[in-house]
2 protein chains.
Amino acid sequence: MNMPIENETNYQASKYRTPDGAPTDIVIFTITSEGKGSVKKSLPTRELQVLLIQRKQWPFEGQWALPGGFSMESETIHESARRELTEETGVSDVHIEYFNVYSTPQRDPRGWMISHAFFALVHERYLEKRQAADDAADVRLFPIDEALAMDLAFDHEIIMRDALAQIQQKMLTTTIAREFLSEEFTMSELYQVIQTVVPTFEERNFIRKITSTQSRKGIIEEVLDHQGQGKMSNRYSQRAAQLYRFTDYVPQLSIYS
Amino acid sequence: MNMPIENETNYQASKYRTPDGAPTDIVIFTITSEGKGSVKKSLPTRELQVLLIQRKQWPFEGQWALPGGFSMESETIHESARRELTEETGVSDVHIEYFNVYSTPQRDPRGWMISHAFFALVHERYLEKRQAADDAADVRLFPIDEALAMDLAFDHEIIMRDALAQIQQKMLTTTIAREFLSEEFTMSELYQVIQTVVPTFEERNFIRKITSTQSRKGIIEEVLDHQGQGKMSNRYSQRAAQLYRFTDYVPQLSIYS
DNA sequence: ATAATAGTGTCTTTCAGACACTATATC
DNA sequence: GATATAGTGTCTGAAAGACACTATTAT
């Protein structure tokens, strides 16, 4: 411990080297969906994208970076991230989650900066009206693979890789898939969303398992109309599909069953 | 964003209010095991305990608190936590994991302090030689329930509750149980460790499932002697029990199976 | 023999996984 | 009728869950 021996009357934090800032960085994910060109009804093509801003000033002027900014004394780190998210995208009330701290010495040429990284999951409909904020030259969505191949500012490539690993893991173990879907959705939409985030995911009997397995089925339920009949959607298909919604049930996983 | 418009030649972090420190707090868990008084061989009583220090100075002088200290500019937060853990307990090379940041305004009377919380899992044999460091009046292990009922310094009760929830969840979804066990262990030891951390855990056919289930058995394997026979232990029992060890296999859980 | 721990036998019900098949509606 | 999506029938083998039973050995 290098905490000084002090008391209330003579304690002075300024006697010690202190951080030069506590920024937040936010990896904003969205899944875009693009209907296939043909006139026929069919499943859209979905793609995982991240929102980046182009820096306007030193350091890393002109390079692309994660949105974020400095925390203030009057707010928690989490509130700071929410504020920055709203400032960057105009979006509030979306899923935002803290996942790691980045503190490698020299990671920021401006000084000793301890950065707190969040990921946010945003339905694409919320990102339509976005625009570049004051300190950004440009704001854009990039496919995740493309973003990871760019020469990003700071250690943002590492942060983004970590964020991707996080949401891939959470996609399979929690119900965050709901953040990318509408309230009501079909099984193929859910399946597509999972596959978009975790390309290796494959379950041939997906519909059967998700709808009939005792241990799993608590997480979703059928949507019924006012007559108690299953509510259907034919948005993507000739034959109408049953609509489902997530319940509030939080699944508990265990390797020891 | 409140990031200033600056460039390399005129950027001065000191123009903005900056944090007064970036401390780490470490929730050090151990499981003590106490042989039953009788002469007969029997399973020990196990208890989940946390290590606390008694503060020697303002603020919260005389109160019990989590060990920890201030990060330095030349190290990462993670390195800082490891350093503090070693300073407090003499222990290195144990499982230590970052889990959250605490930044509520006014959480520390010394100023704007953003605290980074870790949990460490330590086998009780490593905590025998511990002693109070310079800035602590005393160091002791407390049963987790007792510790949570104490009037702890700062927001350390919240941090400890969060840490407990974390290790309970990880106990069931990862192989961290190994951190509380020796390299080789019996099924009843493993079962006891899980139950000590997660009291609600109950599996009647535990041995059978963990040793025979295809999907789960990859995480542990039987220990064999040099003749290829199962290595046994009669430390706790009349009848000798098979010894197991964890493999390096990392189980992947999914709610969508 | 007793006690304490370590396992096995056996039954029923459910689930996983495969894959061919049927169903519905649009073009 | 071709096509695209949605879903069912049916089979096999494996696993879950319950619980009574046997096995081993220090005392």
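A quick note: this is a predicted structure, and the numbers were derived from the prediction, not measured.
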Provide, to the nearest angstrom, the distance between the [atom1] atom belonging to [X] and the [atom2] atom belonging to [N].
| X | N | atom1 | atom2 | answer |
| --- | --- | --- | --- | --- |
| B:Arg204 | D:dA20 | CZ | C1' | 13 Å |
| B:Met232 | C:dT5 | CE | C1' | 12 Å |
| B:Ile207 | D:dA16 | CD1 | C1' | 16 Å |
| A:Leu243 | D:dA6 | CG | C1' | 13 Å |
| B:Phe206 | C:dG7 | CZ | P | 12 Å |
| A:Tyr191 | D:dA4 | OH | P | 18 Å |
| B:Asn234 | C:dA4 | CG | C1' | 13 Å |
| B:Tyr236 | C:dG7 | OH | P | 14 Å |

Indicate whether the side chain of B:Thr86 and that of B:Arg83 have a donor and an acceptor atom separated by less than 3.5 Å. no
Mapping A:Ser237 and B:Glu189 onto DNA chain C by nearest heavy atom, which one lands closer to the 5' end?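 This one resolves to B:Glu189.
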Which nucleotide in the list D:dG7, C:dG7, C:dT5 gets nearest to the side chain of B:Gln242?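 Out of D:dG7, C:dG7, C:dT5, the nucleotide with an atom closest to B:Gln242's side chain is C:dG7.
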Look at the side chain of B:Gln238 and decide which nucleotide, out of D:dT3, C:dA4, D:dG7, has an atom nearest to it. C:dA4
Under 4.0 Å between a side-chain N/O of [X] and OP1 or OP2 of [N], yes or no?
| X | N | result |
| --- | --- | --- |
| A:Ser188 | D:dA6 | yes |
| B:Lys209 | D:dA15 | no |
| A:Arg239 | D:dG7 | no |

Check this for me, if you would: do A:Glu202 and A:Arg204 make a salt bridge, where the nitrogen-to-carboxylate-oxygen distance has to be below 4.0 angstrom? yes
Once hydrogens and angles are ignored, does a donor-acceptor distance under 3.5 Å link the base of C:dT10 to the side chain of B:Arg208?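 For B:Arg208, whose side chain was compared with the base of C:dT10, there is a donor-acceptor pair (under 3.5 Å).
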N/O donor-acceptor pair, side chain A:Asn205 with base C:dA18, under 3.5 angstrom: yes
Below 6.0 angstrom between ring centroids: does that apply to B:His78 and B:Phe118? yes
Is the side chain of A:Glu189 donor-acceptor paired with the backbone N or O of A:Thr186 at a distance under 3.5 Å, no angle test? yes
Angle between ring planes, A:Phe206 versus B:Tyr256, binned at 30° and 60°: parallel, tilted or perpendicular? tilted
